[in-house]
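We number each residue from 1, following the sequence as shown. These numbers were taken from a predicted model, which means no experiment stands behind them.
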Amino acid sequence: MDAKLSTMNRRELTMNDYSEGMKPEDASPVLRKLTEDVALAWHDSQTPPQERFYEDFALLIRRPKDGWAIGLRVDFTTESWSIAEVLALPAGQVQTLPNVDSDEVRSYVETAVDRARGRRRVAEEQLAKLATNTAFIEQRFETWRDKTAPRTNVEYAALAAKYAEQIRLGNSRATATLAALVEMSPSVMAQRIKEARRRFLLTPGEQGRASGALTPLAVLYTDPQFPGMRRLRAAGMTQRGIADKYGIEERLVWAALMGEGYSDDEGFMRQEREPALTAEDVMRNLRRKR
């Protein structure tokens with residue numbers, strides 16, 4: 001195994017679920033934790049690969065059929081990639097080292113790196129959009145000083161944008177920094193950030209470290225020209241139509257519709273002009289819950 005993977009590690013190929021805020025040299029503990037999680041799930045034959053994409057590297061964890069979880073840290077540029085770190089952990093009771101098929105691994109890594117590059121391009125496009133809406137984001141973020149003001153997806157998206165910005169800057173105390181800016185306790189700010197994740201405005205965080213990136217849904221809500229999901233529904237658009245128009249997943253449209261009916265103090269609020277769900281919407285949401 002070592003010889004085959006070492007050969008792959010030296011080879012750079014010309015190429016024809018994204019995060020920020022971590023340097024490649026700090027990734028080893030995360031790689032081990034993800035690989036251990038896959039190894040512990042050895043009894044589940046359907047355990048999927050685990051993938052984490054960062055700005056210029058990816059963590060890829062697979063469980064081969066011979067009972068070993070293989071973790072890879074892959075460094076990449078726009079044109080090439082190389083395996084920089086390899087970790088193999090037994091999944092269950094195995095007696096021999098795994099027999100790695102280098103061609104099969106190489107094919108998998110190439111596909112995963114293509115996905116990582118795609119995520120990075122999307123992130124760069126998001127940053128460009130955010131740059132044009134800086135004043136609006138700052139304005140909505142400042143409303144967090146008013147402890148009695150209702151909170152909508154717009155305010156949570158602004159909060160998420162400021163948090164993601166601190167992560168990009170490498171601030172390991174992003175929560176405390178934002179709390180100080182709006183005169184809020186760090187513990188309350190942590191709850192607000194948790195709520196932003198629940199609303200699908202921030203990507204899931206990594207245990208033990210400040211992390212997370214803005215989602216495509218959050219980027220929409222940081223645009224002052226975006227009318228909001230309920231208004232789009234009231235205009236007669238379906239969930240699928242909204243998703244196609246704005247280039248987001250349909251499940252995010254549903255989450256946003258629910259989020260627009262919530263405030264911190266009042267809970268779910270039915271609006272008098274809320275459009276009825278179509279049969280298509282109802283059936284799709286039932287299938288998603290099964």
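For the pair Lys129 and Thr222, the minimum side-chain heavy-atom distance is 4.5 Å or more. Put simply, the side chain of Arg233 does not reach to within 4.5 Å of the side chain of Val253, judged on heavy atoms. At a threshold of 4.5 Å between non-hydrogen side-chain atoms, the residues Ile61 and Leu31 count as touching. At least one side-chain heavy atom of Phe136 sits less than 4.5 Å from a side-chain heavy atom of Val154. Side-chain contact between Leu59 and Glu85: absent, with no pair of heavy atoms (C-beta onward) separated by less than 4.5 Å. Leu232 has its side chain within reach of Phe226: a pair of non-hydrogen atoms, C-beta onward, lies under 4.5 Å apart. Contact of the Met229 side chain with the Leu217 side chain is registered, since non-hydrogen atoms from C-beta on lie closer than 4.5 Å.
Note that OH of Tyr246 is 6.5 Å distant from CE of Met237, once rounded to the nearest 0.5 Å. Interatomic distance, CG of Leu202 versus CG of Leu159, reported as 7.5 Å (0.5 Å rounding). Within the model, atoms CD of Glu250 and CD of Gln239 stand 5.5 Å from one another, a figure rounded to the nearest 0.5 Å. To the nearest 0.5 angstrom, Thr132 atom OG1 is 7.0 Å from Asp223 atom CG. To the nearest 0.5 Å, the span separating CZ on Phe57 from CG on Leu72 amounts to 13.5 Å. Between the CE atom of Met258 and the CZ atom of Arg230 there is a distance of 5.5 Å, given to the nearest 0.5 Å.
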Item to check | Criterion side chain to side chain contact (heavy atoms under 4.5 Å, CB included) on Asp75 and Asp56, from CA distance to verdict | outcome: CA-CA 6 Å; Asp75 296 344; Asp56 54 7; over 6 Å; no
Next on the checklist: Determine whether Leu130 and Leu214 satisfy the following criterion, side chain to side chain contact (heavy atoms under 4.5 Å, CB included), listing intermediate values before the conclusion.
Outcome noted: CA-CA 10 Å; Leu130 291 175; Leu214 217 56; 3.6 Å; yes
Checklist entry - What do the steps show when you test Val182 against Met189 for side chain to side chain contact (heavy atoms under 4.5 Å, CB included), and what is the final call? => result CA-CA 9 Å; Val182 293; Met189 178 57 72; 3.8 Å; yes
Checklist entry - Yes or no on side chain to side chain donor-acceptor pair (under 3.5 Å) for Glu110 and Ser107, after CA distance, side-chain angles and deciding distance? => result CA-CA 5 Å; Glu110 287 178 353; Ser107 176; 5.4 Å; no
Checklist entry - Could you walk me through whether Tyr54 and Val30 pass the side chain to side chain contact (heavy atoms under 4.5 Å, CB included) check? => result CA-CA 12 Å; Tyr54 299 87; Val30 178; 4.3 Å; yes
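Not one N or O on the side chain of Arg62 forms a donor-acceptor pair closer than 3.5 Å with the backbone of Ala69. Without hydrogens or angle criteria, Arg140 side chain to Ala158 main chain gives no donor-acceptor distance under 3.5 Å. The main-chain N or O of Ala190 is never found under 3.5 Å from a side-chain atom of Thr175 such that the two would form a donor-acceptor pair. In this structure, Ser82 contributes its side chain and Ala84 its backbone to no donor-acceptor pair below 3.5 Å.
Residue Arg173 places its CZ atom among 12 or fewer non-hydrogen atoms of other residues, nucleotides or ligands, all under 6.0 Å distant. More than 12 heavy atoms of other residues, nucleotides or ligands lie within 6.0 Å of CZ in Arg115, so this atom counts as buried by the packing criterion.
The minimum heavy-atom distance between Pro150 and Glu155, with the atom names listed, is O-OE1, 4.2 Å. Considering every non-hydrogen atom in both Phe53 and Ala116, the closest pair reads CD2-CB, 3.6 Å. Of all the heavy atoms in Ala112 and Glu51, the pair that sits closest is CB-OE2, 4.0 Å. Between Phe141 and Leu181 the shortest heavy-atom distance is CE2-CB, 4.0 Å. In terms of heavy-atom proximity, Thr77 sits nearest to Arg120 at C-NH2, 3.9 Å. Looking at every heavy atom in both residues, Ala27 comes nearest to Arg73 through CB-CD, 4.2 Å.
Using a 4.0 Å cut-off between charged nitrogen and carboxylate oxygen, Lys162 and Glu165 count as a salt-bridge pair. Using a cut-off of 4.0 Å between Lys/Arg side-chain N and Asp/Glu carboxylate O, Glu195 and Arg198 are scored as salt-bridged.
Transitive grouping of hydrophobic side chains (ILVMFWY, heavy atoms separated by less than 4.5 Å) keeps Ile193 and Leu169 in distinct clusters.
Both tests hold for Arg151 against Trp144: distance to the six-membered ring centre under 6.0 Å, angle to the ring axis within 45°.
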